[in-house]
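Worksheet: the structure to be examined is printed underneath.
Side chains are part of it too, since the values below use all heavy atoms of this structure and drop only hydrogens, waters and symmetry mates. The chains referred to below are lettered A, B, ... by the order of the sequence lines, with proteins before strands, and numbering in each begins at 1.
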There are 2 protein chains.
Amino acid sequence: MAKGDERTARGTVRTITDLARIAGVSPGTVSRALAGKSLVNTKTREKIEAIAREHGFRPNQMASGLRRQKTGVIGVVIPMGHDSRQQISDGFFMTLLGFLADELTQEGYDLMLRRVVPGDDADWLDRFIGSGMIDGVIVIGQSDQFALIEDVADGYLPMVVWGNHKEGQRHCVVGTDNRLGGRMAVERLIAAGARRLAFLGDTGPMEFAARFAGACDAAARLGVEIIALPTHLSPDRASEEIAGHLAATQGQVDGIFAATDTLAALCLTALRERDLAVPETVRLVGFDDLPIARQTAPPLTTIRQDIAAGARGMVHLLLRRLAGEETESLVLPPQLVIRQSA
Amino acid sequence: MAKGDERTARGTVRTITDLARIAGVSPGTVSRALAGKSLVNTKTREKIEAIAREHGFRPNQMASGLRRQKTGVIGVVIPMGHDSRQQISDGFFMTLLGFLADELTQEGYDLMLRRVVPGDDADWLDRFIGSGMIDGVIVIGQSDQFALIEDVADGYLPMVVWGNHKEGQRHCVVGTDNRLGGRMAVERLIAAGARRLAFLGDTGPMEFAARFAGACDAAARLGVEIIALPTHLSPDRASEEIAGHLAATQGQVDGIFAATDTLAALCLTALRERDLAVPETVRLVGFDDLPIARQTAPPLTTIRQDIAAGARGMVHLLLRRLAGEETESLVLPPQLVIRQSA
DNA sequence: AATGTTAATGCAAACGATTGCAACAGGAAA
DNA sequence: TTTCCTGTTGCAATCGTTTGCATTAACATT
């Protein structure tokens with residue numbers, strides 16, 4: 001019997017109407033019972049719930065979404081404007097995504113993930129929003145799409161963006177104070193004895209540009225020079241580029257601020273290959289405090305972003321925006337984590 | 001005028017019916033035109049397309065999904081049975097997820113991500129499948145849910161699982177030959193001169209159990225001993241546990257096979273703290289060949305899983321299953337990558 | 001007994017796109 | 001001129017749930 005029951009249980013009762021027929025009530029009543037509304041008689045509700053449980057019934061979310069005009073899904077989109085390939089596997093984005101998944105789940109939302117290349121599809125954001133599949137959207141990284149995001153923000157409230165905050169911007173952004181972080185990194189390098197500094201990274205994306213700007217602030221204030229060593233973020237190209245930079249600046253640099261821990265780790269490998277001692281000959285500071293920062297040799301001194309707090313902040317701001325509220329941006333303080341590389 | 005146009009363009013035409021009214025045709029015709037069906041007159045189609053473009057119209061995917069009984073969304077679910085916290089940020093899962101996102105996008109599907117804790121919700125898989133939101137599901141890791149997955153597979157075709165293949169199983173799985181990989185790891189350790197071996201990892205999850213089994217195979221065949229050092233995967237606990245193991249086995253182990261590169265990297269740090277030279281005193285082999293494997297000091301010798309090929313395989317198998325085909329599992333060959341740790 | 005009140009349920013119209021079938025126009029064939 | 005295509009289009013039902021409104025029954029009030 002258990003066997004037979006299970007057989008019939010699978011998919012016999014697919015719709016709320018099937019269930020209503022069995023329970024001897026109307027579909028409307030079933031809907032109300034399952035939604036936990038107070039209007040249904042307790043006995044009726046219990047009966048309906050029992051049948052639902054027995055047959056493993058689940059209401060169709062598409063139909064429900066269509067009728068209620070909300071889906072219970074939040075879109076998470078990663079635009080890859082600068083380094084189109086495989087930025088998605090970057091440790092930072094992935095860590096953030098993991099926390100976002102946790103937070104959204106906890107709030108009862110599902111997460112729809114989309115990775116887009118704005119160059120191929122200028123319409124990426126409107127398309128996602130207009131699809132009707134999502135109640136709100138989280139954009140991970142402004143990439144080179146700042147203007148487009150501003151445009152969309154004017155007409156669409158439930159959007160929160162991870163990225164850099166710029167005075168007077170109109171979209172709601174959550175992110176670390178990159179400029180301050182950059183200052184802290186350079187101050188640390190100098191405190192550790194460095195005098196000829198370099199910034200390793202791509203200054204295209206706003207966040208990195210801000211880190212570099214902060215680095216320049218501090219360098220200028222303390223009267224030391226700093227040069228930019230443009231480097232792509234994708235690990236394959238980055239390695240060669242770093243090697244090239246080290247060869248070109250041979251001995252002229254004694255402190256490096258890497259835009260990312262990932263880059264810093266690659267840099268560390270490259271320094272080792274050239275037998276440059278860290279931190280004795282060259283000091284190195286990263287950014288992010290990814291798990292990898294603890295595991296390099298020597299462990300990385302870095303500027304920590306509180307990714308968990310960032311994810312939590314984004315989700316909570318988004319919830320308030322879903323409720324119709326206009327919210328301010330959230331700028332998180334960076335934190336210097338001193339290990340051994342500087 | 002551009003300004004005014006843009007204003008009206010935003011959301012004036014939300015439904016296919018609005019668009020039909022403007023174009024002076026029926027909603028059905030608009031639907032057919034936008035779907036690219038051959039039945040509509042070329043001129044009519046062009047007119048409709050023009051209006052759609054002008055007003056930035058996008059059909060509602062919920063409504064379309066409801067009617068067509070398909071959503072264009074693939075569910076990706078990560079069950080966290082063993083180590084409930086933060087397995088999602090593990091490098092391996094994230095890399096796989098990135099490739100999956102790419103492949104699915106390319107095939108025109110969206111990706112809905114869900115992280116579940118089977119302990120809290122025994123019904124996790126049926127709930128996801130029954131939600132009506134997804135056309136098919138990809139399960140990343142069998143965790144401790146093998147039996148449940150087998151059950152579901154009997155009644156639900158469009159599911160593909162990443163994990164370990166077991167003789168005679170009924171669900172379609174894609175994964176590396178973990179047992180063979182385990183053998184290769186131990187063979188390498190022995191070839192590098194190790195004689196007292198240890199396996200570092202949690203043998204609960206099937207994949208790791210298989211790696212350990214393979215390691216035992218090889219050890220037995222070559223006549224060396226191997227002990228298991230049970231270790232959780234979450235980085236916080238793992239570090240202490242590894243330190244404990246090293247203290248306990250002081251000097252009795254000269255070759256370690258870590259279940260994961262992540263663990264191997266942590267192990268490397270612990271070894272360095274105890275001044276145990278790698279590979280001279282202790283040889284170390286990891287598993288996965290994550291980006292981090294290149295960046296440790298010394299770089300890790302490891303067993304490579306072809307994650308990109310795995311993702312591609314999963315998506316293509318799933319597409320065939322969506323078309324109604326029963327597909328076989330796919331077992332990928334592991335590959336020994338020799339670097340400097342063994 | 002007539003009326004008012006409340007609680008519980010049913011009815012039917014939405015939500016927005018798709019699609020089988022019918023209808024229509026224009027032209028070709030007889 | 002009539003008949004028959006063929007190519008386009010409109011009509012209306014449908015997907016499964018939700019929800020405003022009407023209806024009913026039961027019970028309290030005068």
Side-chain angles (χ1 to χ4, degrees), chain A residues 11-49 51-52 55-73 108 110 127 129-135, chain B residues 11-49 51-52 55-73 108 110 127 129-135:
Chain A
T12 318
V13 178
R14 279 185 332 100
T15 76
I16 222 171
T17 313
D18 297 339
L19 181 38
R21 197 165 2 84
I22 297 184
V25 297
S26 77
T29 304
V30 174
S31 172
R32 283 184 275 250
L34 262 31
K37 307 227 173 173
S38 54
L39 307 85
V40 279
N41 184 299
T42 312
K43 269 182 63 180
T44 316
R45 151 173 301 116
E46 280 166 2
K47 182 167 157 194
I48 291 173
E49 281 171 348
I51 299 179
H55 291 77
F57 170 78
R58 325 198 175 294
N60 182 310
Q61 300 228 65
M62 284 268 150
S64 164
L66 177 58
R67 174 62 226 241
R68 303 211 332 255
Q69 297 290 80
K70 54 168 66 176
T71 64
V73 180
D110 266 311
R127 181 198 304 287
I129 290 170
S131 71
M133 290 281 280
I134 57 177
D135 292 341
Chain B
T12 319
V13 177
R14 279 185 333 99
T15 76
I16 221 170
T17 312
D18 297 340
L19 181 38
R21 196 166 3 83
I22 297 183
V25 296
S26 77
T29 303
V30 173
S31 172
R32 283 184 275 250
L34 261 33
K37 306 225 175 179
S38 54
L39 306 86
V40 279
N41 184 299
T42 312
K43 268 182 66 179
T44 316
R45 150 171 303 115
E46 280 166 2
K47 182 169 162 195
I48 291 173
E49 281 171 349
I51 299 179
H55 291 77
F57 169 78
R58 328 201 173 291
N60 183 310
Q61 299 228 64
M62 285 268 152
S64 164
L66 178 58
R67 173 62 225 240
R68 303 213 331 259
Q69 297 291 81
K70 54 168 69 176
T71 64
V73 180
D110 266 312
R127 182 196 305 287
I129 290 170
S131 71
M133 289 282 280
I134 57 177
D135 291 341

From the options Val73(A), Ile134(A), Asp135(A), select the one residue that forms a side-chain contact (heavy atoms from CB on, under 4.5 Å) with Asp110(A).
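Going through the options one by one, the only one that passes is Val73(A).
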Quick one: list whatever passes side-chain hydrogen bond (donor to acceptor under 3.5 Å, both in side chains) with Arg67(B), sequence neighbours left out.
none
Can you name the side-chain hydrogen bond (donor to acceptor under 3.5 Å, both in side chains) partners of Asn60(A), sequence neighbours left out?
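Scan of Asn60(A) (side-chain hydrogen bond (donor to acceptor under 3.5 Å, both in side chains), adjacent residues dropped) gives none.
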Going by the salt bridge (charged side-chain N to carboxylate O under 4.0 Å, His left out) test, which pairs reach into residues 20-29 of chain B, not counting sequence neighbours?
Asp18(B)-Arg21(B)
How would you list all residue pairs meeting salt bridge (charged side-chain N to carboxylate O under 4.0 Å, His left out) that involve residues 23-40 of chain A, not counting sequence neighbours?
none
When Ala63(A) and Thr42(B) are each assigned the nearest nucleotide of DNA chain D, the 5'-most assignment goes to Thr42(B)
What is the first contacted nucleotide of DNA chain C and what is the last, in 5' to 3' order, if contact means an atom lying under 4.0 angstrom from a heavy atom of chain A?
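Contact boundaries, 5' end first: dA8(C) to dG16(C).
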So, the side chain of Thr71(A) versus the backbone of Gly65(A): is there a donor-acceptor pair under 3.5 Å, distance only?
no
Which part of the nucleic acid, if any, lies within contact of Lys37(A), taking any heavy atom under 4.0 Å across all strands shown: a base, the sugar-phosphate backbone alone, or nothing?
sugar-phosphate
Heavy atoms under 4.0 Å, any strand shown: does Val30(A) hit a base, just sugar-phosphate, or nothing?
nothing
Under a 4.0 Å heavy-atom criterion, DNA chain D is touched by chain A from dG16(D) to dG20(D)
Might you point out which heavy atoms bring Ala52(A) and Leu19(A) nearest each other, and give the distance in Å?
CB-CD2, 3.9 Å
Taking for each residue the nucleotide of DNA chain C with the nearest heavy atom, is it Gln61(B) or Leu39(B) whose nucleotide lies nearer the 5' end?
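It is Gln61(B) whose nearest nucleotide is closer to the 5' end.
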Between CE of Met62(B) and CG of Leu66(A), what distance do you get to the nearest 0.5 Å?
8.5 Å
